[in-house]
Amino acid sequence: MSTAWEGLANEPILDIHPYEPGKPVEELERELGIPGAVKLASNENPFPPPAGVLDAVRRALAGVNRYPDGSGYYLRQALAKKHAVSADSIVLGNGSNELIELLARTFVRRGEEVVLPHPSFVVYPSIVQAVGGTRVVVTLKDHRIDLAKMRRAVTALTKIVFVANPNNPTGTIVTAEEVDRFLHNVPEHVIVVFDEAYYDFADGPDFPDTLAHLRQGKRVVVLRTFSKMASLAGLRIGYAVADPGCVALVNRIRPPFNVNTLAQVAALAALDDEAHVRRTVEAVREGVRMVSAALDTLGVRHVPSRANFIMAEFDDAPRTYEQLLKLGVIVRPLASFGLERALRITVGTPEENARLVGALRAVLGGEGARS
Ligand code: PMP
């Protein structure tokens, strides 16, 4: 039966592995009977959305008998103002994930090349494969995206270059200076997509202002999301900022009501909440310091992170993952990213971080991983 169905499939998708999400807390509790498990596996914001956002969502609930505003008018207006661009420079997505997919489907012709960093967000190679594009994979250097090498990988057939900044799963950034040089040298026919899902955690003087490059006419697309900083991962909403010509093309294939009413309302309310951003950034940076210091003490090698997660290497990552699970702590194995020895740990609340560190101590027996 399965062969028969596979024979019917659009061929390129047969080589794609389904996305493996972090294990849900409920599943762990059900499987192992462990109450109060903590999930540090999907780079979410550990804090709930602010009360004002929840109130706005509650108020909007009674209206969900109607379809959402298909153009996301109010949110796009607000985002346009925030980023000093026109509203027709913005397109909303069902998470920024959907925009990655829409960009690939809009622009990548069969046989054209897409330059991808590796290891990086696993959705890029899957979608390139699905649309019949060719993946040109450029490995990281010292856990960082190597823009010089990405530039050298560009050919006349290259359509898109994806740059996750900060990069998932390493948490490293490419700097303003590196991006300047890259954009100066990259040929005009190439669309450079900066995926800035973790932007707010990394922002600082060395972080590139990619929107300024866009305003100056460079062929760049900037992706942002409300999933991380805004604590709205469960509602699914993100956006792209791009030239209106690009947005108009993406809109031709965007599903009519791809972003639901509650997500739009929540995102609009979240936009003004600078206090939530400040609190989250402070807590996450403190969490990264605390967890990194604990990993150092345990002798676990890890990559210095500018995001809300840390990639660490273990002698036996699958075993460490299982042992942490038994202690009710869910982290993310990275075998699907091609990293057999690594785990990605999302920084949580102070209590969750303390629970993680206690579990790591118990599992590693204070002797560390000595990789
Ligand atoms: N880009 C990167 C680099 C990510 O890590 C993620 C989420 N894990 C996304 C995009 C997609 O986020 P969302 O669809 O929730 O906006």
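Source: prediction; values computed, not measured. Only this structure's heavy atoms are used, side chains among them; waters, hydrogens and symmetry mates stay out. We're numbering straight along the sequence, starting at 1. All ligand and atom numbering here is 1-based and tracks the order in the structure.
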Classify the ring geometry between Tyr198 and Phe309 as parallel (under 30°), tilted (30 to 60°) or perpendicular (over 60°).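 Because their plane-to-plane angle is over 60°, the rings of Tyr198 and Phe309 count as perpendicular.
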
Would you please name every residue forming a side chain to side chain donor-acceptor pair (under 3.5 Å) with Ser89, sequence neighbours left out?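 Only Ser86 meet the side chain to side chain donor-acceptor pair (under 3.5 Å) criterion with Ser89.
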
Side chain to side chain donor-acceptor pair (under 3.5 Å) involving Asp209 - partner list, sequence neighbours excluded: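 Asp209: no side chain to side chain donor-acceptor pair (under 3.5 Å) contacts found.
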
Side chain to side chain donor-acceptor pair (under 3.5 Å) contacts in which one or both residues fall within residues 259-271, not counting sequence neighbours: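 Listed once each, the pairs would be none.
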
When you look for protein heavy atoms under 4.0 Å from ligand 1, which residues do they belong to?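 Those residues closer than 4.0 Å to ligand 1 by some heavy atom are Gly95, Ser96, Asn97, Phe121, Asn168, Asp195, Ala197, Tyr198, Thr225, Ser227, Lys228, Arg236.
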
Is a side-chain donor-acceptor pair under 3.5 Å present for Asn167 with Thr172?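 Absent: no donor and acceptor within the cut-off.
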
Would Tyr124 and His118 count as having a side-chain donor-acceptor pair, cut-off 3.5 Å?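 No, because no side-chain N or O of Tyr124 sits under 3.5 Å from a partner of the opposite role on His118.
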
